[in-house]
Amino acid sequence: MNYNGYCLHSGFLGREGQEKLLLRIRDLLQDAPLYTPQMPRTGKPMSVRMSNCGTLGWVSDKQGYRYQEYHPENRIPWPAIPQILLDIWAGLAGYSAPPEACLINYYDAKARLGLHVDKDEIDMKAPIVSISLGDTALFRMGGTGRRDPTRSVRIISGDVMIMAGPARRCYHGVDRIYPGTSSLLAEGGRFNLTLRRVSTP
Ligand code: MD6
Ligand code: FE
């Protein structure tokens with residue numbers, strides 16, 4: 001599927017690749033634990049828990065959305081992006097510069113992510129490469145306007161999604177997680193990793 005810069009590589013990572021990547025993610029979450037971000041202004045907690053790796057990480061709190069070099073709670077610089085992820089970017093992004101940030105989202109059975117456009121990156125020409133591990137998600141993809149028609153896609157463990165070009169400015173979100181659809185995570189739920197270029201190369 002390739003539609004206006006939106007591209008889904010179904011089953012890109014096999015079970016072994018998913019397990020290897022998951023081990024690396026669990027390892028770096030020891031140093032950069034998942035935290036509960038807050039919505040700008042209201043401070044309302046998000047249902048998705050987050051962390052990052054890379055020289056920059058995306059964070060959200062009462063002050064707003066931004067990229068910063070350290071974990072918002074322990075203030076330690078984010079761990080490096082694992083080589084497996086750098087290799088996926090190099091193979092699929094079609095972009096000469098490496099990613100600077102990898103946002104790690106964790107969804108439990110009840111978590112969801114509202115419609116949004118990722119626009120905190122200075123370099124909006126770079127694609128975002130997204131990797132999913134664990135339970136299936138119902139992903140919604142819309143247009144550049146918040147009220148444009150949307151289509152829904154089920155994203156499964158090992159799928160890799162690219163948003164490039166026009167799709168980079170389109171609204172999208174996660175409506176729900178289907179609990180028990182993957183045996184990858186012992187605790188259940190879903191990880192989504194989004195690799196991003198933040199600054200212009
Ligand atoms: C998710 N993904 O799949 C949320 N954003 O859990 C995103 O918000 C996203 O997958 C930009 C590009 C790719 C994505
Ligand atoms: Fe997004």
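Note that ligands are numbered from 1 as they come in the structure, with each ligand's atoms numbered from 1 the same way. In this chain, residues are counted from 1 in sequence order.
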- Query: Counting each atom of ligand 1 from 1 as listed, which ones have a heavy atom of Tyr107 under 4.0 Å away?
  - Reply: 1 (C), 4 (C), 6 (O)

- Task: Decide if atom CD of Glu73 counts as having more than 12 heavy atoms of other residues, nucleotides or ligands within a radius under 6.0 Å.
- Result: yes

- A student checking ligand 1 against Thr194 at a 4.0 Å heavy-atom cut-off should list atoms 9 (C), 10 (O), 13 (C), 14 (C)

- Task: Note the single closest protein heavy atom to atom 3 (O) of ligand 1, along with its residue, its atom name and the distance in Å.
- Result: Arg190 NH2, 2.9 Å

- Do the ring planes of Tyr6 and Phe139 sit parallel (below 30°), tilted (30 to 60°) or perpendicular (above 60°)? parallel

- Task: Examine the side chains of Ser199 and Glu100 and answer whether a donor and an acceptor come within less than 3.5 Å of each other.
- Result: yes

- Item | Single hit among Asn105, Thr194, Asp120, Asn52 for side-chain hydrogen bond (donor to acceptor under 3.5 Å, both in side chains) with Trp58 | Asp120

- Query: Is the side chain of Ser51 donor-acceptor paired with the backbone N or O of Leu29 at a distance under 3.5 Å, no angle test?
  - Reply: no

- When you measure from atom 2 (N) of ligand 1 to every protein heavy atom, which one gives the shortest distance, and what is it? Asn192 OD1, 3.5 Å

- Item | Those atoms of ligand 1 less than 4.0 Å from some heavy atom in Ser130 | 10 (O), 13 (C), 14 (C)

- Message: Does Arg15 form a side-chain hydrogen bond (donor to acceptor under 3.5 Å, both in side chains) with Ser183? I'd like the steps, not just the answer.
- Response: CA-CA 10 Å; Arg15 179 72 184 209; Ser183 58; 3.0 Å; yes

- Message: Take a 6.0 Å sphere around CZ of Arg176 and say whether it holds more than 12 heavy atoms from other residues, nucleotides or ligands.
- Response: yes

- Query: Between Arg140 and Tyr171, does any side-chain donor sit less than 3.5 Å from a side-chain acceptor?
  - Reply: no

- Distance only, no hydrogens: is a donor on one side chain within 3.5 Å (strictly under) of an acceptor on the other, for Asn192 and Ser132? yes

- Does Arg190 count as lying over the ring of Tyr107, i.e. NZ or CZ under 6.0 Å from the six-ring centre, within 45 degrees of the axis? yes

- Would you mind checking if Arg66 and Glu121 are paired as a salt bridge, meaning a charged N to carboxylate O distance below 4.0 Å? no

- Query: Does atom CD of Glu16 have more than 12 heavy-atom neighbours, drawn from other residues, nucleotides or ligands, at distances under 6.0 Å?
  - Reply: no

- Task: Taking only heavy atoms of Met163 into account, list the atoms of ligand 1 that are under 4.0 Å away from them.
- Result: 11 (C), 12 (C), 13 (C), 14 (C)

- Query: Among protein heavy atoms, which sits nearest to atom 11 (C) of ligand 1, and what does the distance come to when rounded to 0.1 Å?
  - Reply: Asp118 OD2, 3.2 Å

- Shortest protein heavy-atom distance from atom 12 (C) of ligand 1, along with the residue and atom involved: Ile128 CG2, 3.3 Å

- Note on the structure: One finds that the ligand 1 atoms under 4.0 Å from a non-hydrogen atom of His172 are 5 (N), 7 (C), 8 (O), 9 (C), 11 (C)

- Per-atom filter on ligand 1: closer than 4.0 angstrom to a heavy atom of Val174 are 1 (C), 3 (O), 4 (C), 6 (O)

- Query: Does His116 have a non-hydrogen atom less than 4.0 Å from ligand 1?
  - Reply: yes

- Note on the structure: Within a distance under 2.8 Å of the Fe ion (ligand 2), the protein atoms of type N, O or S are His116 NE2, Asp118 OD2, His172 NE2

- Item | Met161 neighbourhood, listing ligand 1 atoms whose heavy-atom distance to it stays under 4.0 Å | 10 (O), 14 (C)

